[in-house]
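Only heavy atoms go into these numbers, but all of them, side chains included; no hydrogens, no water, no symmetry mates. Just so you know, ligand 1 is whichever comes first in the structure, and atom 1 is the first atom listed for that ligand.
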Amino acid sequence: MQTSDVTVVGLGAMGVTIAGLFRANGMRVTVWNRSATRVAEEVARGALAAPDVASAFAASPVIVMCVSNDDAVDTILAAPGATLAGRTLIQLTTISPESARRGARWAREHDGHFLAGAIQAAPSQMGHPDTPVLVSGDRATWDAQRALLETLAGGLVYLGDDPAAAATMDLATLSWVYGAMIGFVHGATIAQKEGLDVATYGRIVRDIGPSFGAFFQHEGAVIQSGDFTVSESPLRISVDATARLLETARASGLSTEFPALAAGIFARAARAGLADREAAAIIEVMR
Ligand SMILES: NC(=O)c1ccc[n+]([C@@H]2O[C@H](COP(=O)([O-])OP(=O)(O)OC[C@H]3O[C@@H](n4cnc5c(N)ncnc54)[C@H](OP(=O)(O)O)[C@@H]3O)[C@@H](O)[C@H]2O)c1
């Protein structure tokens with residue numbers, strides 16, 4: 001018998017935030033977590049505790065899971081008696097595309113529905129009108145669960161029926177984040193070496209972030225169109241800029257690891273005859 005509106009499986013930093021947002025929206029929440037301490041804390045805040053995974057899944061029409069990774073998901077879905085029987089599993093664990101496909105298959109085999117979401121925000125950023133979460137899976141399930149997901153994140157982006165699409169797009173956005181992170185830290189070494197204030201550097205990066213975001217949006221549209229006619233930034237500018245980064249690193253005794261990678265890619269693109277194409281044409285030598 002169903003005893004709550006939604007079940008949250010996994011009470012790490014993100015799962016606790018998710019359970020709290022559901023409660024704040026007046027929902028009755030059942031929780032399950034591998035270790036008991038967090039469960040007791042949630043019960044003290046008004047949640048219902050399920051004794052095992054099967055009961056947690058049976059307690060609500062919708063189960064939202066948010067645990068560490070693919071392995072944790074596989075372990076939980078293999079728990080004795082875990083089934084859906086008409087219920088919906090919304091997987092908010094950051095998982096691989098293959099794990100998302102496995103999850104969709106598991107839901108089908110257990111007579112249920114499945115959505116996969118990739119959270120693009122920290123716990124403290126959840127529940128805001130613009131909190132970004134990528135979602136994919138069967139459209140009818142998306143239509144049915146959209147309002148519930150909006151209690152967690154106002155900036156939902158639905159990527160279509162393929163259950164793996166959110167996890168795949170998450171790999172793309174992560175690539176951007178880690179590329180930017182490594183570049184940012186290299187920039188910090190330059191600032192430090194020259195005695196500039198690194199906190200000021202961080203503030204400047206925040207301030208120029210939106211305009212570079214708009215630039216990347218443009219470059220994405222260029223790559224999607226396949227037309228690399230110069231429209232914003234000729235690739236040759238980046239050949240010079242990244243060569244300058246490399247020369248400066250060598251001259252100042254800084255690590256050349258990042259600038260060598262960046263300069264190497266742009267130089268290779270120039271040698272391939274792309275110098276007078278739009279900057280995003282480096283994709284031709286990166287595939
Ligand atoms: N925190 C963030 O900033 C953030 C941002 C975006 C996306 N996410 C994603 O959200 C997910 C959860 O992150 P989090 O920050 O909540 O992680 P976390 O605080 O480390 O919590 C991990 C959760 O997974 C559970 N778990 C781990 N292995 C398990 C297993 N084998 N069987 C059952 N449960 C298991 C843990 O249970 P125990 O309590 O028993 O250890 C705990 O509930 C991750 O996929 C993460 O990538 C997090």
Side-chain angles (χ1 to χ4, degrees), residues 6-23 29-45 47-60 62-83 89-104 106 114-128 130-137 148-157 159 163-178 180-181:
V6 65
T7 288
V8 176
V9 170
L11 293 173
M14 193 56 91
V16 164
T17 303
I18 288 169
L21 285 166
F22 285 141
R23 268 201 316 279
V29 181
T30 294
V31 295
W32 180 87
N33 192 56
R34 179 181 57 177
S35 38
T37 323
R38 286 271 171 80
V39 174
E41 289 166 9
E42 282 307 296
V43 169
R45 295 182 187 119
L48 305 167
D52 50 44
V53 173
S55 321
F57 276 42
S60 312
V62 180
I63 298 99
V64 173
M65 191 186 300
C66 191
V67 289
S68 301
N69 51 31
D70 290 11
D71 288 346
V73 169
D74 288 345
T75 304
I76 292 167
L77 293 184
T83 194
L89 172 62
I90 302 181
Q91 184 57 264
L92 293 185
T93 305
T94 306
I95 48 174
S96 65
E98 189 41 44
S99 175
R101 288 186 197 103
R102 272 202 307 278
W106 183 93
F114 180 81
L115 287 177
I119 298 171
Q120 311 286 294
S124 64
Q125 298 166 324
M126 293 296 288
H128 298 185
D130 59 349
T131 304
V133 175
L134 314 177
V135 186
S136 64
L148 177 129
L149 281 168
E150 277 171 346
T151 65
L152 303 179
L156 299 173
V157 180
L159 293 169
T168 304
M169 191 62 89
D170 185 61
L171 290 176
T173 59
L174 271 184
S175 300
W176 168 66
V177 167
Y178 284 113
M181 181 77 201

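With rounding to the nearest 0.5 Å, the separation of CZ in R101 from CD in E98 is 5.5 Å. Here the CG atom belonging to D170 is positioned 10.5 Å from the OG atom belonging to S96, to the nearest 0.5 angstrom. Between the CG atom in L149 and the CG atom in L156 there is a gap of 5.5 Å [rounded to 0.5 Å]. One distance of note links OG1 of T83 with CZ of F57; it measures 9.0 Å at 0.5 Å rounding.
For atom 30 (C) of ligand 1, the candidate residues are R34, Q125, M65; the nearest heavy-atom contact is made by R34.
Residue C66 has no N or O atom closer than 3.5 Å to an N or O atom of ligand 1. At least one N or O atom of S35, backbone or side chain, sits closer than 3.5 Å to an N or O atom of ligand 1. Residue contacts with ligand 1: G10 is placed with no nitrogen or oxygen under 3.5 Å of a nitrogen or oxygen of the ligand (distance criterion only). The shortest N or O to N or O distance between A13 and ligand 1 is under 3.5 Å. For ligand 1, the polar-atom distance check against D71 finds no nitrogen or oxygen pair separated by under 3.5 Å. Considering backbone and side-chain atoms alike, N33 places an N or O below 3.5 Å from some N or O of ligand 1. The shortest N or O to N or O distance between P123 and ligand 1 is not below 3.5 Å. Ligand 1 has an N or O atom lying under 3.5 Å from an N or O atom of S68, backbone or side chain. Note: no N/O pair closer than 3.5 Å links I76 and ligand 1 by distance alone.
Residues forming a salt bridge (Lys or Arg N to Asp or Glu O under 4.0 Å) with R34 (at least two apart in sequence, or on another chain): none. Applying the salt bridge (Lys or Arg N to Asp or Glu O under 4.0 Å) rule to D52 yields no partners; only residues at least two apart in sequence or on another chain are considered.
Contact between M14 and A121 at its shortest, heavy atoms only, is CE-O, 3.3 Å. The two residues V64 and L148 have their closest heavy-atom pair at CG2-CD2, 4.4 Å. Considering every non-hydrogen atom in both S60 and V6, the closest pair reads OG-C, 3.1 Å.
For the pair Q120/V133, no side-chain contact is recorded, criterion being any heavy-atom separation below 4.5 Å from C-beta on.
Heavy-atom contacts of A122 reach the following atoms of ligand 1: 3 (O) (cutoff under 4.0 Å). Interface of T93 with ligand 1, defined as ligand atoms under 4.0 Å from a residue heavy atom, comprises 45 (O).
Proximity of atom 40 (O) of ligand 1 to the protein is indicated by at least one non-hydrogen atom lying closer than 4.0 angstrom.
Remark: minimum distance from atom 21 (O) of ligand 1 to any protein heavy atom is reached at G12 CA, 3.2 Å. When hydrogens are left out, the protein atom nearest atom 48 (C) of ligand 1 is M14 CE, 3.9 Å; that is the closest non-hydrogen contact. With hydrogens left out, the protein atom closest to atom 12 (C) of ligand 1 is V67 O, 3.4 Å, a heavy atom.
In this structure, the side chain of S136 does not engage the main chain of L159 through any donor-acceptor pair within 3.5 Å.
Residue-level proximity to ligand 1 for T94 is carried by backbone and side chain together, each with a heavy atom below 4.0 angstrom. Residue-level proximity to ligand 1 for A121 is carried by the backbone, the only part with a heavy atom below 4.0 angstrom.
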